[in-house]
Amino acid sequence: MLDPKLLRNDLDAVAESLRSRGFELDKGAFQALEDKRKALQVETENLQAERKRKSKEIGIAKAKGEDASAILAEVEAFGDRLTECEQALAALQTELRELQLGIPNIPHESVPPGDSEDDNREIRTWGTPPQWEFEPLDHVDLGSKVGGLDFETAAKLSGSRFAVMSGPLARMQRALIQLMLDTHIGEHDYREVYVPYLVNPDSLLGTGQLPKFEEDLYKLRGERELYLIPTAEVPVTNIARDEILNEEDLPLRFTAHTPCFRSEAGSGGRDVRGMIRQHQFEKVELVQLVKPEASYEALEQLTGHAEAILQKLQLPYRVVVLCSGDMGFSAAKTYDIEVWLPGQGKYREISSCSNFEDFQARRMQARYRPQGSKKTELLHTLNGSALAVGRCLVAVMENYQQADGSILVPEALRPYMGGLERIPATA
RNA sequence: GGUCAGGUGUCCGAGUGGUUGAAGGAGCACGCCUGGAAAGCGUGUAUACGUUCAUAGCGUAUCGAGGGUUCGAAUCCCUCCCUGACCGCCA
C-alpha cells in the first residue's frame, strides 16, 4: 500500500510513476472519494465528540441524582445524523481502502522504464554456457536416461504440472535444499525458520497477493479461510505483522525452505513440458526486515546471497534488473537471476529478489522504534528466492549432462549425496 | 471432536454499564538524592487514523476479532478466533 499522504498530496506524480509500470490510476475517482471522506470524517468525529461529552454529562447528572432527560433529548436530536455519518464513513473508507489495496508499488528511480521483459536490463553475467560436441538434452529427456523423473505417474496421482521424483534425483533435490540452507545459515547470517504452509487471508493481504491475485492461489475448502502458500515470503514476512521491533534487533534475516503452491491460472500452455512450471515446487527463500535507509544495500546483498548458490554449483547465470512494466505488484525494485539452461539454449529465471520498501510493511503494520524515538517507523521488507529448487535441479541436470546421458554431481552437492559423483544413465 | 476456564497496556494484574485510554504493581526513561551505586522520592512511559507545514496542539477510534443492545460498553447479548486444563483421537 502506498502512503495515503503521498496519494493525497502528490497525486499527479504518483499517477505518473504508476503509468510507467502500466497502471492507470483513476485520479478523478480517487480525488472524489478522498474529498468526500475528508468532509465526512471531520463531521463524524465532531458528532462523536459531542456525543461523548453529552454522555459523560448524563453520567454525572445521574450520579448526582439529577434529572438528565434534557441532555438525553439533545443527544437524541443528532443521534440519527451520527449513525448516518458513521455508516457512510465506514462504507467510504472501505471503498477507499480497497482502491488503495489495488494500487501497485511505485518503481524505484533506478528501475529502467519499459513495458515487458524485453526491456529488462542485463546487469552482469557469471560463468559461460557449456559447449559440447553432442546435442544437449533437456531435463525431461535426461530424466528418461537416468530414471527417476516421472510425469506420467504424477499425472495419475494429481494431474498435469506435477512430478514424481525418485532415487538419486529425489536425493539431489534434497541435497540442493541442504546446500542452500547451510550456506545461508553458515555464511550469510540468516536464521532458519520453519513456518506454516497454510495461511490466513490477512497474511496474504500483508504481502500483497490479496485482494488482487486470488486466482493464483489454492484455497482450502472448509469452515476456515486458509490458502496454500505460493511462496515462503508470505508466512515469513508476516512474522513481523502487527509488531513493533527494536532498532537494535534489525536487520532481521530469515531463511526458510518450504514447498510452494501455485494455480498457474493464466499461464496455460506455457512451459507445459517438464519441471519448469509446476503447481507444487520447493524453494529456499530469503527474507530481510531492515531499516529504510538500509534497504537498497540489503537488496544488493541479498541478490548476492542467491548468486552464491549458483556459483557454488558452477552454474552460468546472469542478473537482470526488471523494467517498470515487468515488476510484480508489490515490488519497488527487482533483480531476476536467470540460470543458463542448455536444453532450452537460454537463460531462465531461477530467482527473483525484490525490495518492497514500506509497501508490504504498511499493509502489515510492521514497524520498528528508532532508538530514543517515541514515534514508530515502517520497516522495509525484502525477499528473494535462493533458490527455486526445482528449477535449480533442472539446471544442474542440463548443465552437468554427459555425452552418454549420465549426469555429473556438482562438487558442492557430493557431501550431501553420500559422495556420489555421477548419476549413471540406465536407459 | 467434547467439556470447562480464560483472552485487559512491555509484563503482572484490577475493573459486571457512566467524568475508564483504562486502578495498582513491575519494568523502562529522565530528574532529585549519593563520593559512586543500591534503596528512596518525583515526573513520564500504547497504537492507529484524522486535522495540520508539523513526529506542536486538538479530535476520533482501539481492553482477542466482528456484529448487536444503549444517550453511554472493557463491562450485557450473538458469532468467530486464540490460549489453558481434562477426556477422546492421533503423526
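Note on naming: letters A, B, ... go to the chains in the order of the sequence lines (proteins, then strands), and numbering restarts at 1 for each one.
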Close N/O contacts between protein and nucleotides 45-48 of chain B (under 3.5 Å):
from, atom 1, to, atom 2, distance (Å)
U47(B), OP1, Arg369(A), NH1, 2.5
U47(B), OP1, Arg369(A), NH2, 3.2
U47(B), O3', Arg367(A), NH1, 2.9
U47(B), O2', Arg367(A), NH1, 3.4
A48(B), OP1, Arg367(A), NH1, 3.4
A48(B), OP1, Thr376(A), OG1, 2.5

Suppose you measure atom C1' in U34(B) against the same atom in C41(B); what distance do you get, rounded to whole Å? 13 Å
Distance from Lys291(A) atom NZ to Tyr368(A) atom OH, nearest 0.5 Å? 6.0 Å
Does atom CZ of Arg97(A) have more than 12 heavy-atom neighbours, drawn from other residues, nucleotides or ligands, at distances under 6.0 Å? no
Write down the distance separating the P atoms in A54(B) and C49(B), rounded off to the nearest Å. 14 Å
Can you tell me how far P of C49(B) sits from CZ of Arg8(A), to the nearest Å? 9 Å
For Lys38(A) and U52(B), is the shortest distance between a side-chain N/O and OP1 or OP2 below 4.0 Å? yes
Between atom CD in Glu43(A) and atom C1' in G50(B), what is the gap in whole Å? 15 Å
Close N/O contacts between protein and nucleotides 6-10 of chain B (under 3.5 Å):
none

Specify whether His279(A) and Phe162(A) have parallel, tilted or perpendicular ring planes, treating 30° as the upper limit for parallel and 60° as the lower limit for perpendicular. tilted
Tabulated below should be each protein N or O lying under 3.5 Å from an N or O of nucleotides 57-59 of chain B; please produce it.
from, atom 1, to, atom 2, distance (Å)
G59(B), N2, Glu45(A), OE1, 3.3
G59(B), N2, Glu45(A), OE2, 3.4

When rounded to the nearest 0.5 Å, the distance separating CD of Glu248(A) from CG of Asn246(A) is 4.5 Å
Whole-Å gap separating C1' (C80(B)) and CG (Leu226(A)): 14 Å
Over how many whole Å does the gap from Leu92(A) atom CG to C49(B) atom P extend? 18 Å
Partner of Ser295(A) under side-chain hydrogen bond (donor to acceptor under 3.5 Å, both in side chains), picked from Asp358(A), Asn355(A), Thr381(A), is Asn355(A)
Considering only the C1' atoms, how many Å lie between C81(B) and A26(B), rounded to the nearest integer? 30 Å
Rounded to whole angstrom, note down the P distance from C76(B) over to C63(B). 14 Å
Report yes if a donor N or O on one partner sits less than 3.5 Å from an acceptor N or O on the other, where the partners are the side chain of Lys56(A) and the base of G18(B); otherwise report no. no
Rounded to the nearest 0.5 Å, what's the gap from CG on Leu142(A) to CD1 on Ile407(A)? Could you check? 5.0 Å
Taking the C1' atom of each, how far is G18(B) from U51(B), in whole Å? 29 Å
Considering only atom C1', compute the distance from U47(B) to G42(B) and round it to an integer number of Å. 27 Å
Nearest 0.5 Å, please: how far is CD in Gln209(A) from CD in Gln360(A)? 7.5 Å
Nearest to the side chain of Gln48(A), heavy atoms from C-beta on, is which of G18(B), U60(B), G50(B)? U60(B)
Hey, is Arg367(A) close enough to Glu243(A) for a salt bridge, meaning N to O under 4.0 Å? no
Can Asp141(A) and Arg273(A) be counted as an ion pair, charged N to O under 4.0 angstrom? yes
C86(B) versus C11(B) - spacing of their C1' atoms, nearest Å: 29 Å
Residue of the set Glu86(A), Arg53(A), Glu43(A) for which side-chain hydrogen bond (donor to acceptor under 3.5 Å, both in side chains) holds with Gln48(A): Glu86(A)
Interatomic distance where CG belongs to Asp242(A) and P belongs to U62(B) [whole Å]: 17 Å
Interatomic distance, Leu7(A) CG vs G50(B) C1' [rounded to whole Å]: 16 Å
Distance in angstrom units between Lys36(A) NZ and G50(B) P, rounded: 18 Å
Can you measure from CD (Gln280(A)) to CZ (Arg161(A)) and round to the nearest 0.5 angstrom? 14.0 Å
Whole-angstrom distance between U10(B) and U3(B), as gauged at atom C1': 35 Å
Under 3.5 Å, which N/O atoms of the protein pair with N/O atoms of nucleotides 72-75 of chain B?
from, atom 1, to, atom 2, distance (Å)
G72(B), O4', Ser55(A), OG, 3.1

Name the orientation class of the two ring planes belonging to His188(A) and His184(A) (parallel below 30°, tilted from 30 to 60°, perpendicular beyond 60°). tilted
Nearest-angstrom distance from the residue atom CG of Leu89(A) to P of C49(B): 15 Å
Quick one: stems involving RNA chain B, counted as three or more successive Watson-Crick or G-U pairs, both distances short of 3.5 Å. B:1-7 with B:81-87, B:10-12 with B:24-26, B:27-32 with B:40-45, B:46-51 with B:57-62, B:64-68 with B:76-80
Check side chain to side chain contact (heavy atoms under 4.5 Å, CB included) between Ser116(A) and all other residues, then give those that pass, not counting sequence neighbours. Asp118(A), Asp119(A)
What's Lys62(A) touching, base or sugar-phosphate or nothing? Going by heavy atoms closer than 4.0 Å. base
Atom CG of Leu252(A) and atom CG of Leu245(A): how far apart are they, to the nearest 0.5 Å? 5.5 Å
